[in-house]
Amino acid sequence: MGGAGATWCSRRPVRRRWLGGKMAAVSLRLGDLVWGKLGRYPPWPGKIVNPPKDLKKPRGKKCFFVKFFGTEDHAWIKVEQLKPYHAHKEEMIKINKGKRFQQAVDAVEEFLRRAKGKDQDLTIPESSTVKGVMAGPMAAFKWQPTVSEPVKDADPHFHHFLLSQTEKPAVCYQAITKKLKICEEETGSTSIQAADSTAVNGSITPTDKKIGFLGLGLMGSGIVSNLLKMGHTVTVWNRTAEKCDLFIQEGARLGRTPAEVVSTCDITFACVSDPKAAKDLVLGPSGVLQGIRPGKCYVDMSTVDADTVTELAQVIVSRGGRFLEAPVSGNQQLSNDGMLVILAAGDRGLYEDCSSCFQAMGKTSFFLGEVGNAAKMMLIVNMVQGSFMATIAEGLTLAQVTGQSQQTLLDILNQGQLASIFLDQKCQNILQGNFKPDFYLKYIQKDLRLAIALGDAVNHPTPMAAAANEVYKRAKALDQSDNDMSAVYRAYIH
């Protein structure tokens with residue numbers, strides 16, 4: 001569609017608003033130099049250019065395709081996130097510091113010197129300081145030509161890495177839209193990276209496949225909302241049908257049963273509470289399995305044990321379906337913000353088919369190989385998180401009983417190596433006595449239990465997790481199951 005994209009950019013000047021600013025009658029056109037803002041990243045200098053011929057403009061979004069200076073990066077940027085370069089140069093230089101930012105500004109000035117008296121459509125000079133995978137603020141939006149080579153099977157022993165930390169990417173190929181990258185390391189493991197799922201709404205080209213979603217709990221609700229915002233066609237089902245109403249108003253379709261959703265959609269996602277719920281959803285009356293036929297795709301995003309997910313994969317595949325496990329790391333807020341971390345394993349082709357969906361719901365997605373690996377990794381992640389939460393609660397109560405200020409303890413921790421959003425938020429919950437669920441206590445206890453069982457299966461000791469699990473069990477006995485995991489604090493004070 002390159003011609004259509006070029007026509008839209010060059011013939012429709014727009015009035016733009018900077019986020020938080022006043023309306024200004026400024027026309028933007030093809031070839032203009034601009035400052036482009038991507039979410040929490042600083043404004044970056046770029047030029048409005050024609051998009052690649054095979055890249056469609058996001059539906060329903062007034063945006064321009066911008067190439068950024070000094071980075072080799074490109075992105076669709078909404079008009080309200082753009083400012084004219086010259087008019088705001090001094091302002092941007094004052095508020096932004098850093099070597100790479102200065103290099104980008106220098107690249108603009110070099111471009112202007114070269115363009116003076118010449119064709120104004122000169123190619124933006126590439127940064128000589130950025131090699132391989134660029135590590136700047138737009139790194140995840142790096143444009144790559146399509147590579148036709150097949151990607152090797154992933155090593156089940158996953159080694160975590162960030163694209164900005166390696167200058168030797170192996171096979172990289174285009175996952176169109178939000179400029180995410182699918183890259184392989186020498187180990188063969190794969191990650192999809194996106195800088196900020198909510199910051200670049202206009203840059204996702206939704207798949208044309210029909211999407212189904214089963215389960216509208218704390219996590220599922222945020223996921224579905226972001227799928228709809230990014231233009232996906234979604235059919236929803238929930239055991240409590242009333243939860244579907246809001247999403248129907250937002251444009252979702254209603255499925256009467258899981259079987260109906262699967263039979264009418266190309267890819268169906270599910271996110272439910274535990275192994276029993278996951279099995280009942282697939283194997284129960286009017287369940288997923290009844291809607292599976294050759295070519296239908298099922299993606300289970302529930303946090304369950306490897307045995308459960310392996311069993312579900314077997315029955316789905318036995319009917320000719322395709323299966324992917326994709327549990328998510330995060331909480332309700334991250335789900336709402338589209339900033340989840342997705343751990344996937346199973347059908348590699350299905351993983352790639354889900355790319356626009358994963359972009360809408362998360363900031364990063366990892367492919368971990370064969371079915372079961374994602375379940376194991378997810379349980380380990382949540383084991384660490386749950387144990388850490390119990391330790392935080394233990395420290396705060398010890399401070400209290402020894403006459404120390406809990407707020408001062410938090411202030412000290414926030415200035416040290418343990419400082420994190422998680423630490424601060426959970427401590428604030430405790431200090432304020434606000435345990436509104438962001439991650440249910442009963443679910444983190446379930447994950448600890450499953451992680452301990454995982455250790456038992458391979459004769460690996462998990463004494464820290466076992467101790468934490470006992471504290472969560474006591475909190476459940478104190479009727480804290482449906483509160484946030486930070487309510488484990490109450491197990492120490494009763």
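Side-chain atoms are counted along with the backbone in the values below, which use heavy atoms only and exclude waters and symmetry mates. As the structure is a prediction and not an experimental result, all values here were calculated from the model. One-based numbering along the sequence shown.
Crowding of Gln415 atom CD: a count of heavy atoms from other residues, nucleotides or ligands under 6.0 Å not exceeding 12.
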The test is side-chain hydrogen bond (donor to acceptor under 3.5 Å, both in side chains); show your working for Gln332 and Asn336 and say whether it passes. CA-CA 6 Å; Gln332 182 183 27; Asn336 293 341; 5.2 Å; no
What do the steps show when you test Gln359 against Met230 for side-chain contact (heavy atoms from CB on, under 4.5 Å), and what is the final call? CA-CA 9 Å; Gln359 292 172 60; Met230 301 307 170; over 6 Å; no
Dump the intermediate steps for side-chain contact (heavy atoms from CB on, under 4.5 Å) on Thr235 and Leu254, then the final yes or no. CA-CA 5 Å; Thr235 299; Leu254 178 64; over 6 Å; no
Please step through side-chain hydrogen bond (donor to acceptor under 3.5 Å, both in side chains) for the pair Asp337 and Gln333, ending with a clear verdict. CA-CA 6 Å; Asp337 293 343; Gln333 186 61 54; 3.1 Å; yes
Pair Phe64, Leu28 - check side-chain contact (heavy atoms from CB on, under 4.5 Å), show working. CA-CA 9 Å; Phe64 286 108; Leu28 296 176; 3.6 Å; yes
Apply side-chain contact (heavy atoms from CB on, under 4.5 Å) to Lys229 and Asn226, showing your working. CA-CA 5 Å; Lys229 287 177 184 176; Asn226 281 309; 4.0 Å; yes
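The residues Arg113 and Glu110 are annotated as salt-bridged, a charged nitrogen and a carboxylate oxygen being separated by less than 4.0 angstrom. A salt bridge does not link Glu80 with Lys37: none of the charged nitrogens is closer than 4.0 Å to a carboxylate oxygen. Contact check on Asp484 versus Lys426 returns a salt bridge, with a Lys/Arg side-chain nitrogen under 4.0 Å from an Asp/Glu carboxylate oxygen. With respect to Arg322 and Asp347, a salt bridge is recorded, a charged nitrogen being found less than 4.0 Å from a carboxylate O.
Among all heavy-atom pairs drawn from Leu423 and Ser420, the shortest one is N-OG, 3.0 Å. The shortest heavy-atom contact between Ala270 and Tyr298 is CB-OH, 3.2 Å. For the residue pair Phe213 and Cys271, the shortest heavy atom distance occurs at CZ-CB, 4.0 Å. The shortest heavy-atom contact between Leu368 and Asn373 is O-ND2, 2.9 Å. Contact record, Pro258 with Val288: CB-N, 4.0 Å, taken as the closest heavy-atom pair. In terms of heavy-atom proximity, Leu340 sits nearest to Gly330 at CD2-CA, 3.9 Å.
No donor-acceptor distance shorter than 3.5 angstrom exists from the side chain of Glu325 to the backbone of Ala344, with no hydrogens or angles considered. Between the side chain of Ser335 and the main chain of Asn331, no donor-acceptor pair closer than 3.5 Å is present. Thr207 places a side-chain N or O within 3.5 Å of a backbone atom of Lys209 that can act as its donor or acceptor partner. With Asp411 contributing its side chain and Leu413 its backbone, the two residues share no donor-acceptor pair below 3.5 Å. Panel note: side chain Ser387, backbone Val384; no donor-acceptor pair is recorded below 3.5 Å. When atom types are taken as modelled, the side chain of Ser486 and the backbone of Ile430 share no donor-acceptor pair closer than 3.5 angstrom. Looking at Ser221, its side chain never comes within 3.5 Å of a backbone N or O of Leu218 through a donor-acceptor pair. Between the Tyr440 side chain and the Ser273 main chain, no donor and acceptor come within less than 3.5 Å of each other. At distances below 3.5 Å, at least one donor-acceptor pair connects side-chain atoms of Trp35 with backbone N or O atoms of Tyr85. A donor-acceptor contact shorter than 3.5 Å links the side chain of Lys296 to the backbone of Cys265.
The shortest distance between side-chain heavy atoms of Phe439 and Gln385 falls below 4.5 Å. At a threshold of 4.5 Å between non-hydrogen side-chain atoms, the residues Cys357 and Ile267 do not count as touching. Here the side chains of Leu228 and Phe247 are in contact, with some heavy-atom distance below 4.5 Å. At a threshold of 4.5 Å between non-hydrogen side-chain atoms, the residues Val66 and Val49 do not count as touching. Thr303 has its side chain within reach of Leu379: a pair of non-hydrogen atoms, C-beta onward, lies under 4.5 Å apart. Met389 has its side chain out of reach of Ile444: every pair of non-hydrogen atoms, C-beta onward, lies at least 4.5 Å apart. Annotation: side chain of Val105 is in contact with side chain of Ile93 (closest heavy-atom distance under 4.5 Å).
One finds the CG atom of Asp447 at 12.0 Å from the CD1 atom of Ile380 (value rounded to the nearest 0.5 Å). We find the OG1-CG distance between Thr240 and Asp245 to be 11.0 Å, quoted to the nearest 0.5 Å. Rounded to the nearest 0.5 Å, atoms CG (Leu410) and CG (Asn414) are 4.5 Å apart. Ile392 contributes atom CD1, which lies 10.0 Å from atom CG of Leu409 (distance to the nearest 0.5 angstrom). If you take CZ on Phe367 and CG on Leu343, they are separated by 12.0 Å, rounding to the nearest 0.5 Å. Taking CG of Leu33 as the start and NE2 of His86 as the end, the distance is 5.0 Å to the nearest 0.5 Å.
Taking the six-membered ring for Trp, Trp44 and Phe101 have ring centres closer than 6.0 Å.
The aromatic rings of Phe358 and Tyr351 lie tilted to each other, with the angle between the two planes from 30° to 60°.
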